[in-house]
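Since we're looking at a predicted model, the values are computed, not measured. Note on naming: letters A, B, ... go to the chains in the order of the sequence lines (proteins, then strands), and numbering restarts at 1 for each one.
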Amino acid sequence: MPKGLLFGSRSFDLRHLTMLVLLAVMLILPLFGDAYLLRVATRVIVLSMVAISLDILLGYGGLISFGHAMFLGSGGYVLGVLTYLGIGNGFVVYPAAIALSVVLACIVGMIVLRTVGVYFIMITLAFAQMLYYLANGIRIGENYGGDEGLPLPSRTDFLGALNFNDPAVFHYFTLAILVAILYVSYKLVNSRFGRVIKACRDNERRAKSLGYNTFGYRLVAFMISGGIAGLAGALHMNLQKFVSPDELHWIISGDLLIMVIVGGANSLIGPIIGTGVFVLLEEGISNLTEHWMAIFGPMLILIVLFGRRGIYGLIKPKGEDG
Amino acid sequence: MSLLLIIEQMLNGVQFGIMLFLMAAGLTLIFGIMDFVNLTHGSLYMLGGFFGAKSIAWLTALTGWSDIWLLTLLFVLGVMLGILITVGLNAILEVTIFRRLYSGTHLDHVLATFGLLLFFNEFAKILFGSEPMNVPKPPTLLSPIEIIPGITYSSYRLAITVVGILAAIGLYLLISRTRVGMLIRAGASNREMVAGLGMNINRLFTLVFALGAGLAALAGVMTTPLTSVQVGIGEEIMILTFVVIVIGGIGSIRGAFIASILIGLIDTIGRFLLPMFLGYTLGPAIAAMAIYLAMAGVLFFRPSGLFAPGRG
Amino acid sequence: MTEAVLKVEGLTKRFGALIANEDVDLDVQPGEVHAVIGPNGAGKTTFVSQLAGELRPDHGRILLGGRDVTALPVHKRARLGLARSYQITSVIPSFSALENVAFAAQAIDGNSFKFWKPARSVDHLNEKAAAILAEIGLGHRQDILVKNMSHGEHRQLEIAMALATDPKVLLLDEPTAGMGPAATEGMIAFLDTLKGRYAILMIEHDMDVVFSLADRISALVNGRRVATERPDQIRQNAEVRRAYLGDKADKLNVSRSKASPGGDTSC
């Protein structure tokens with residue numbers, strides 16, 4: 001039986017409308033030629049990928065990773081360092097960024113996934129902090145790296161096929177990747193693998209007693225999530241043309257959690273909406289006052305106390321699960 | 001000569017470890033007893049530092065005293081005032097916000113306290129500015145002191161180490177010798193039991209929160225003359241505190257103590273030794289990573305820490 | 001004597017000074033229902049947890065189909081054919097009844113590193129799950145989310161999930177806990193249909209259930225197995241009577257019409 005893509009329901013509702021409007025906005029934005037707006041929009045797209053990857057762990061897997069910025073950094077640094085070494089071919093550096101992030105996720109996952117609950121939250125945070133310090137130690141020559149960060153020395157080249165220096169080209173490229181990630185993630189969370197991950201979230205003990213090696217499934221989910229986030233990290237590097245340890249700072253990990261929750265965890269478009277809202281608020285309020293966190297912080301508390309289901313919960317038809 | 005330096009670094013490590021313990025003792029109880037993820041503990045350290053620094057400056061300006069013993073007294077009073085203000089502020093938060101969150105999920109805790117932390121940082125920036133704020137050491141504790149013949153050490157560092165140890169002993173006596181301490185211990189391993197004993201669990205929570213806030217503020221304000229206080233300083237120490245708690249085992253005061261000293265030593269000695277061997281870029285980076293590597297090592301073999309209560 | 005499907009030798013578990021299980025020997029023969037009874041605090045829960053692999057015994061061995069599984073983790077024992085139901089309902093609340101059972105069936109259907117095809121359209125899992133639900137009497141409820149089901153239905157679903165893993169041994173921890181009289185009757189009738197098809201180790205408080213179903217009954221008292229007898233004989237056992245005196249001694253005499261000690265017991 002055919003299911004509506006992304007939503008698991010065939011009837012048209014508010015969610016489809018939201019997605020179509022968002023997609024349309026993203027498609028026509030480059031035509032206006034406003035460099036600032038386009039940059040913000042591309043940033044929403046790239047960070048959305050990280051948010052989706054985090055939601056696979058958080059919303060579907062019930063794993064509160066407080067260190068997801070580490071993959072944003074790993075992707076960016078791989079791209080940066082390889083480009084410095086003279087490897088600027090996108091067909092090499094992108095797979096390398098993804099591969100290293102997957103390996104990183106595997107190593108970190110082997111330790112953090114042995115723990116649960118509060119331990120898991122704190123340990124993912126601590127690991128990200130460790131990589132933050134490692135990034136501080138990455139130096140290229142005399143002038144680059146360390147806490148000052150690494151500028152991208154030359155643009156990533158896809159055998160002449162894509163000109164990343166054209167913001168519109170880069171925008172459409174990231175948009176295409178986001179759509180692909182959405183499709184793959186949709187398949188993933190509804191697959192038999194996704195079913196195991198969701199069951200582990202609800203009742204890990206039961207999954208074990210039925211014969212599932214829950215650690216193994218969670219580890220693979222962690223690696224997939226890390227890979228997607230690493231890809232986004234590389235794109236983020238191409239967007240900013242700069243990566244620094246700040247990318248891995250734990251506040252960024254916290255921001256990512258906020259994007260997922262505010263948008264609505266346990267859905268695939270929730271994180272996109274959340275990222276959009278977060279970035280627009282950041283840009284909007286920080287233009288009004290430099291103390292935007294003094295407004296944003298209390299907003300978060302209110303969201304937790306009064307609006308737990310996220311924005312996605314508001315546009316989702318009542319009575320539908322997931 | 002280099003032996004002298006190493007002894008000094010080790011003492012610094014112990015001193016830093018004691019400060020970490022003051023942070024960790026409260027937080028491990030908050031995690032253990034209330035199952036509450038609190039990201040604002042570092043903010044209390046920072047606020048304690050700011051309020052203490054302001055109080056000392058204010059008292060000094062108000063009295064205009066110049067006698068070194070009177071100034072030392074003002075320092076002590078300022079420290080206490082700083083702690084008092086921080087504990088009071090935290091008590092207001094506990095009653096208005098935290099209490100509503102206890103029944104929520106860990107995710108609720110993380111989000112709300114993260115928001116609060118962001119707010120505290122801006123609040124401190126608006127109130128105290130974004131420049132580091134310094135406090136002079138009390139004038140009686142300026143010159144080094146000979147601890148054993150031939151070896152001298154900063155008298156201020158020694159003093160705060162002693163205060164920290166006294167606080168630790170006080171905490172130990174409170175936990176092990178009093179009825180309240182018995183309830184706290186019971187709560188760390190079995191929450192339902194405490195409720196079953198007919199104890200007002202809300203009062204116990206408020207008490208543990210106040211205790212934790214007081215210790216964190218004490219650490220913050222005592223460290224200020226050494227490192228000065230600025231926005232963001234609390235977060236770094238908070239993450240270190242997390243590492244301590246995780247290694248020690250959530251809810252275990254004894255584990256927190258041992259892990260604090262361990263991390264204090266690894267951190268201080270690593271920062272001192274590794275740059276000599278690895279150079280001034282990689283050295284500090286690896287030194288900063290050392291404690292996390294230690295944590296990873298412990299957790300690989302003992303996923304719930306060294307001394308997790310109630311977990312066998 | 002045929003080879004036991006499940007064999008326990010000298011199982012001992014202490015928590016500090018407290019002895020939860022001491023030197024317990026026990027076996028379950030193919031097709032047999034072996035019930036374990038005992039007053040509260042006799043160590044039944046500890047015993048089950050060790051069999052399932054959630055607790056590691058201090059001493060002793062657990063053999064599953066002749067293979068030593070004492071050191072194996074929970075999921076490996078399950079894959080060797082040990083299925084359990086929990087005393088406190090343990091299901092996946094956000095799944096439908098059908099998906100819960102299909103999830104259980106999926107556990108033995110190769111590995112689950114299958115990332116593409118929607119889980120809901122894997123027909124052979126759905127068909128197997130639907131058949132088991134129909135057999136246990138939940139066929140009409142298969143599309144209901146389990147968080148919206150009643151307690152009795154949860155108990156049934158527990159068993160259905162265990163059955164979907166094609167077990168060799170069923171470990172049932174108080175299958176009728178918290179059920180009303182009518183639902184208990186239904187459960188007994190259903191479990192009766194499983195007799196002979198699976199080796200069943202059942203922990204149970206309700207003596208009606210025990211005497212209706214068990215081929216052999218073992219009594220645990222203070223962590224030690226004091227007797228293993230056929231149902232008609234266990235009532236006469238002095239040690240068992242002493243342990244139950246004042247508590248459930250009368251219950252041991254309750255004889256239900258259906259309680260006919262199996263003649264096919266292979267001791």
Can you tell me how far the CD1 atom of A:I295 sits from the CG atom of B:L118, to the nearest 0.5 Å?
12.5 Å

A side-chain contact here means heavy atoms from C-beta on lying under 4.5 Å apart; do B:S304 and A:Y119 qualify?
yes

Beyond-backbone contact of A:Q129 with B:F242, side-chain heavy atoms, under 4.5 angstrom:
no

Top of B:A112, B:A290, B:A287 for chain A proximity - count of heavy-atom pairs under 4.5 angstrom:
B:A112

Between A:I251 and B:F114, is any pair of side-chain heavy atoms under 4.5 Å apart?
yes

Under 4.5 Å heavy-atom distance to chain B, tell me which part of A:F66 shows up: side chain, backbone, both or neither.
side chain

Any A:M293 side-chain heavy atom under 4.5 Å of B:N121 side chain
no

Rounded to the nearest 0.5 Å, what separates atom CG in B:L39 from atom CG in A:L125?
7.5 Å

Taking all heavy atoms of A:G137 and all of B:A285, pick out the closest pair and write down the distance.
CA-CB, 3.5 Å

Please tell me if the side chains of A:R114 and B:L299 come closer than 4.5 Å, counting only heavy atoms from C-beta onward.
no

Minimal non-hydrogen separation, A:A294 against B:F119, with atom names
O-CD1, 3.6 Å

State, to 0.1 Å, how close B:E235 and A:H249 come at their nearest heavy-atom pair, and which atoms those are.
OE1-CE1, 4.3 Å

Please classify the contact of B:F300 with chain A as side chain, backbone, both or neither, using a heavy-atom distance under 4.5 Å.
both

Which answer fits B:I291, side chain, backbone, both or neither, if we ask what part of it has an atom under 4.5 Å from a heavy atom of chain A?
neither

Give the minimum heavy-atom separation between A:A126 and B:V243, together with the two atoms involved.
CB-CG2, 4.0 Å

By a 4.5 Å heavy-atom criterion (distance strictly below it), what part of A:I64 contacts chain B: side chain, backbone, both, or neither?
side chain

Tell me if the CD atom of A:E204 is crowded by more than 12 foreign heavy atoms within 6.0 Å.
yes

Out of curiosity, B:M295 CE to A:F127 CZ, how far, rounded to the nearest 0.5 Å?
4.5 Å

For residues A:I111 and B:A296, report the shortest heavy-atom separation together with the two atoms involved.
CD1-CB, 3.8 Å

Take atom NZ in A:K198; do more than 12 heavy atoms of anything else shown fall under 6.0 Å from it?
yes

Considering only heavy atoms and a distance below 4.5 Å, find which of A:I138, A:V118, A:N136 pairs most often with chain B.
A:V118

With rounding to the nearest 0.5 angstrom, report the CG to CG distance, B:L111 to A:L305.
10.5 Å

Could you grab the distance from atom CG of A:L134 to atom CD1 of B:I286, nearest 0.5 Å is fine?
6.5 Å

Any chance you could measure A:L300, atom CG, to B:L116, atom CG, to the nearest 0.5 Å?
10.0 Å

Over all heavy atoms of both residues, which pair between A:W250 and B:I239 is shortest? Give the atoms and the distance, please.
CD1-CD1, 3.5 Å

